[in-house]
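See below for the structure under consideration.
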2 protein chains.
Amino acid sequence: MVADSDMSDSQSARALAPRRHGEILRRLAADGTVSITELAVHFDVSRQTIRRDLKQLADRGQLELVHGGATLFEPTEAAFTERRGENAAAKASIGRAAAALVRDGMVVFLDSGTTTLAVAHALADRKDLTICTTSLSIALQMCRQPQVRVHMLGGEIDPAEEAAVGIDALEAISHFRVDVAFLGGGGLSPDGDVTDFTRNGAEQRSRMVATAGKAYFVLDSSKFGRLTPLRIPRFELAAGVIVDRRPQEAICEALKRKGPAVIVAE
Amino acid sequence: MVADSDMSDSQSARALAPRRHGEILRRLAADGTVSITELAVHFDVSRQTIRRDLKQLADRGQLELVHGGATLFEPTEAAFTERRGENAAAKASIGRAAAALVRDGMVVFLDSGTTTLAVAHALADRKDLTICTTSLSIALQMCRQPQVRVHMLGGEIDPAEEAAVGIDALEAISHFRVDVAFLGGGGLSPDGDVTDFTRNGAEQRSRMVATAGKAYFVLDSSKFGRLTPLRIPRFELAAGVIVDRRPQEAICEALKRKGPAVIVAE
DNA sequence: CCATTTATGTTGCATAATGTAACTATTATT
DNA sequence: AATAATAGTTACATTATGCAACATAAATGG
């Protein structure tokens, strides 16, 4: 005789409400916004259910409802999402490609910048990572992830980058042993150099290239051929350059000669 | 008919209660949630049994029951985001009182916490300030202000505070000469001590009290009489305690004896 | 052997969560 | 401004879960 009234209800484990809540908040922390329709599809529940979830979270003050979804009500993240608009798809794909190079348990350095931020997003549901960063936004977002340790490299904050620069940050870098570093850059010059806007930035990235087990530059295609004043010293020690589409042939060849691999996302 | 007492039936199926408990807790630690239906299937026992298991574990304080399963109860989870809402008016008035003590050109240290965040808000339109802070949110906010320099004290990020703690932050403090520091605290004990939750926090604040030209503790009235485990050493060197209403007479007198002034906002 | 305890299964009903549908409001498009 | 498309609301149906009471079966102890 089979027992069926209470036992094995033929039902494939609908997610628990707290599970949904957890993931909703994680997505929110990562992206700044969530959409009801997307979430409903993702969890395979009705939109009404998601609405009820969001209502609860909103009542607890964890998010703010907006038409079609919810946002963080932190002014901090808002500005962020705005800036991110350009090339968002390209950056997201670079982020995924970069995240594929990271295994659980690693120590990861994330530079400041919107492209490295995309890497942080792509690492959102990883477990057991240690993140080192100079970026305030990245630190704030990643520290909300469970099972992720975050080290903020301190120093004077550059308002344009919203990240620490200067001597303190430079020095702090040397304290860490990082497995893999993802660095931004101002441009990818026609002769295959990654260049930067400021002396401090270039020096900081240079040190990280030299220190990290593997260093990758993440650069979206808007940077191709762009010239900024400072070459990043020792750039050729980097393991690779992650881009959203293949750069001009001349650049590729120059890179090949120097050493770093060209990794085209997606 | 069958010998079954020794018959190791299909691996995890039909485990003893303590075995189930062990695995339940392991799963909980890994995923943050467990579902009754899933566990019942996994152990091949009835849902009622799992419910009884969870009830026991909940009675022992090892998890928190929710509809359909259980979660680990996270005191930190929403702590920061929730706390922000509480006592907002009181904190704002404390913020204004604190800001009144700051003159343009000063070097100001802002501790982590929601009350110090209110101080940051109150300083929003000041010119020519230098802000030092361990708080990610404060750094992010203040660096968007024109004519404000921000120094972020780096270190490991405590997710509950969303601020740097630990040895790096401690050390970084000593590099600065600050005119005025605004510090948070866990509680204001009946005998007029400001106390803290963690050793690191207490030490960090203690150093700041000793280092800063003037140090003020900002405490909303919910902290009055509250006991937290660690006294902040050298607290009596602080210039004052800024509160939103006058504390109990005993506390006021104890404070007077020790030295710090009591400043009631508004 | 029986009585007792302990763990588990079963059942029925109360409660809570989710789904559905009809209708209204908002946003986007022309 | 009119329209279509998308999202929000409300009310109610459906399903899943919680709970308590009782049933069953093995273990325990005399």
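Since this is a predicted model, take the numbers as computed values, not measurements. Labels below follow one simple rule: chain letters A, B, ... track the order of the sequence lines, proteins then strands, and each chain is numbered from 1.
- For the atom pair B:Arg126 CZ and B:Gln147 CD, the distance stands at 13.0 Å (nearest 0.5 Å).
- Minimum atom distance to the side chain of B:Arg51 is reached by D:dC19, of the listed D:dC19, C:dA21, D:dA7.
- For B:Ile36, counting side-chain heavy atoms from C-beta on, the closest listed nucleotide (C:dT27, D:dG18, C:dG9) is D:dG18.
- Note on B:Thr49: every side-chain N or O is 4.0 Å or more away from OP1 and OP2 of C:dT8.
- In terms of polar N and O atoms assigned as donor or acceptor, the side chain of A:Arg52 comes within less than 3.5 Å of the base of C:dG19 in a complementary pairing.
- Distances shown here put a side-chain N or O of A:Arg20 below 4.0 Å from the OP1 or OP2 atom of C:dT18.
- A:Asp220 places no side-chain N or O within donor-acceptor distance of the main-chain N or O of A:Lys91, the cut-off being under 3.5 Å.
- Here the straight-line distance linking atom CG of A:Leu188 with atom CZ of A:Phe217 works out to 10.0 Å at 0.5 Å rounding.
- Protein atom CG of A:Leu39 is 17 Å distant from nucleotide atom C1' of C:dG19, rounded to whole Å.
- Remark on DNA chain D: of its neighbouring residues B:Gly68 and A:Val66, the 5'-side contact belongs to A:Val66, judged by nearest-heavy-atom nucleotide.
- Of the side-chain N and O atoms in A:Thr37, one or more sit less than 4.0 angstrom from OP1 or OP2 of D:dA7.
- Look at CD on B:Gln56: it is 12 Å from C1' on C:dT8, rounded to the nearest Å.
- At least one donor-acceptor pair under 3.5 Å links the side chain of A:Thr116 to the backbone N or O of A:Asp111.
- For B:His67 and D:dT15, the NE2 to P distance is 15 Å, given to the nearest whole Å.
- Contact annotation: the side chain of B:Ile157 approaches that of B:Leu136 to within less than 4.5 Å [non-hydrogen atoms, C-beta and beyond].
- The distance between atom CZ of A:Arg47 and atom C1' of D:dT9, rounded to the nearest whole Å, is 12 Å.
- Between the CG atom of B:Asp44 and the C1' atom of C:dT8 there is a distance of 12 Å, rounded to whole Å.
- Distances from the side chain of A:Gln48 to the nucleotides C:dT27, C:dT10, C:dT20 place C:dT20 closest.
- The listed nucleotides are C:dT10, C:dT8, D:dG18; the one nearest the side chain of B:Asp53 is C:dT8.
- For B:Ser46, counting side-chain heavy atoms from C-beta on, the closest listed nucleotide (C:dT10, C:dT27, C:dT18) is C:dT10.
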